[in-house]
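Just so it is clear: chains get the letters A, B, ... in the order the sequence lines come, proteins before strands, and each one is counted from 1. Please read these numbers as outputs of a predicted model, since none were measured by experiment.
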Amino acid sequence: MQPIEPSFFNISTLELAEKLIGHVIIHELPSGILSGRIIETEAYQGPEDRAAHSFNNRRTPRTEIMFHKAGHVYTYQMHTHTLVNVVAGPVGVPHAVLIRAIEPQTGIEQMQKNRGPMITKHNLTNGPGKLTQALAISMDYYGHHWSQRPLYISNKASTAEIERSPRVGIRNTGDAASYLWRFFEKNNPYVSKFR
DNA sequence: TTTAAGATGCCC
DNA sequence: GGCATCTTAAAC
């Protein structure tokens, strides 16, 4: 498996969110390789998107990386969890694509250890906070680039039938709550639960 | 300076 | 339904 070309990310944010599905996230660790197919994403389009951290071009230490080139890693803390995004859009336009779920591929035993013995089956990676724990993606990767080892996205993807829906877990955001900016692979058991 | 609200997930 | 506990904004 080879890393993706940085130019891959130079497409519209919605297009990127859809195209990322089927690509593989690979994390190469000294102890072994952890990987999984992306099967669920959400687009966040900063300036005009009330649900985005970068709404109205809000620029803080947390959102800073979204103003940089597409393809960077945007990690942030949500309560006790780490969530991971792919920065999208041109330089200066703070868009991102949230990785919401993956289908484990390599290193499933290690992912099980990372998640804990009580976690079963699809609960391993069927949520944005769950997959980062399974793949051992921490805040240390903030500002990393998805085309670089040891954490990268594959250049090849397996095709799949894709569905759309409103985004998960956003409220009090007016019209933004109904935008169909969530993409997921049809009939995949690792798709996260709608809240 | 303090408080409330999340792009969540696990336990009761 | 509660709670853990990090960042940010808005209330004091």
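Taken from OG in A:Ser192 to CD1 in A:Ile102, the straight-line distance is 12.5 Å, to the nearest 0.5 Å. Within the model, atoms CG of A:Asn188 and CG of A:Asn126 stand 10.0 Å from one another, a figure rounded to the nearest 0.5 Å. The distance from the CD1 atom of A:Ile25 to the CD1 atom of A:Ile153 is 5.5 Å, given to the nearest 0.5 Å. Interatomic distance, CD1 of A:Ile65 versus OH of A:Tyr76, reported as 15.5 Å (0.5 Å rounding).
Remark: DNA chain B takes part in the stems B:1-6 with C:6-11, B:8-11 with C:1-4, each of 3 or more antiparallel Watson-Crick or G-U pairs, criterion distances under 3.5 Å.
Look at OH on A:Tyr142: it is 12 Å from C1' on C:dT7, rounded to the nearest Å. One interatomic measurement links the two molecules: CZ of A:Arg62 to P of C:dT8, which rounds to 5 Å at whole-angstrom precision. The CE atom of A:Met78 sits 13 Å away from the C1' atom of C:dC3 (whole-angstrom rounding). Rounding to whole angstrom units, CG of residue A:Asn172 and P of C:dA9 are separated by 17 Å.
Spacing between B:dT1 and C:dT5 at atom P, rounded to whole Å, works out to 24 Å.
With contacts defined as side-chain heavy-atom distances shorter than 4.5 Å, the pair A:Leu14/A:Glu18 does not qualify.
Defined by atom type and a distance below 3.5 Å, a donor-acceptor pair is present between the side-chain atoms of A:Thr82 and A:Gln77. The closest side-chain donor-acceptor pair between A:Tyr152 and A:Gln2, if any, does not fall under 3.5 angstrom.
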message: Using side-chain contact (heavy atoms from CB on, under 4.5 Å), reason through A:Gln112 and A:Leu124 one step at a time and then give a plain yes or no.
response: CA-CA 7 Å; A:Gln112 182 75 60; A:Leu124 216 49; 4.0 Å; yes
field: Working for side-chain contact (heavy atoms from CB on, under 4.5 Å), residues A:Leu16 and A:Thr13
entry: CA-CA 5 Å; A:Leu16 180 61; A:Thr13 303; 5.6 Å; no
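Once you apply a 4.0 Å limit to the heavy atoms of chain A, the touched nucleotides of DNA chain B run 5' to 3' over B:dG6 to B:dC10.
Among the heavy atoms of the strands lying under 4.0 Å from A:Arg115 are primed sugar atoms or P, OP1, OP2 only; no base atom is included. Across all strands shown, A:Thr80 has heavy atoms under 4.0 Å from base atoms, whether or not it also approaches the sugar-phosphate. A:Arg195 comes within 4.0 angstrom of a base, heavy atoms only. When heavy atoms are screened at a 4.0 angstrom cut-off, A:Asn85 is found touching base atoms of the nucleic acid. Residue contacts for A:Leu98: at a heavy-atom cut-off of 4.0 Å it reaches a base atom on one of the strands shown. Within 4.0 Å of A:Arg167, counting heavy atoms only, lies no atom of the nucleic acid at all.
Both A:Ile119 and A:Tyr44 sit near DNA chain B, but only A:Tyr44 has its closest nucleotide nearer the 5' end.
Between A:Arg58 and the phosphate of C:dA9, there is a side-chain N or O to OP1/OP2 separation shorter than 4.0 Å.
Among the candidates A:His144, A:His95, A:His145, the single residue satisfying the ring pair (Phe, Tyr, Trp, His ring centres under 6.0 Å) test with A:His72 is A:His145.
Considering every non-hydrogen atom in both A:His23 and A:Ser154, the closest pair reads ND1-O, 2.8 Å.
Cluster annotation: A:Ile170 and A:Leu98 are assigned to the same hydrophobic cluster (Ile/Leu/Val/Met/Phe/Trp/Tyr, side-chain heavy-atom contacts under 4.5 Å, transitive).
Residues from residues 9-23 of chain A that place a heavy atom under 4.0 Å from any atom of DNA chain B: there are none.
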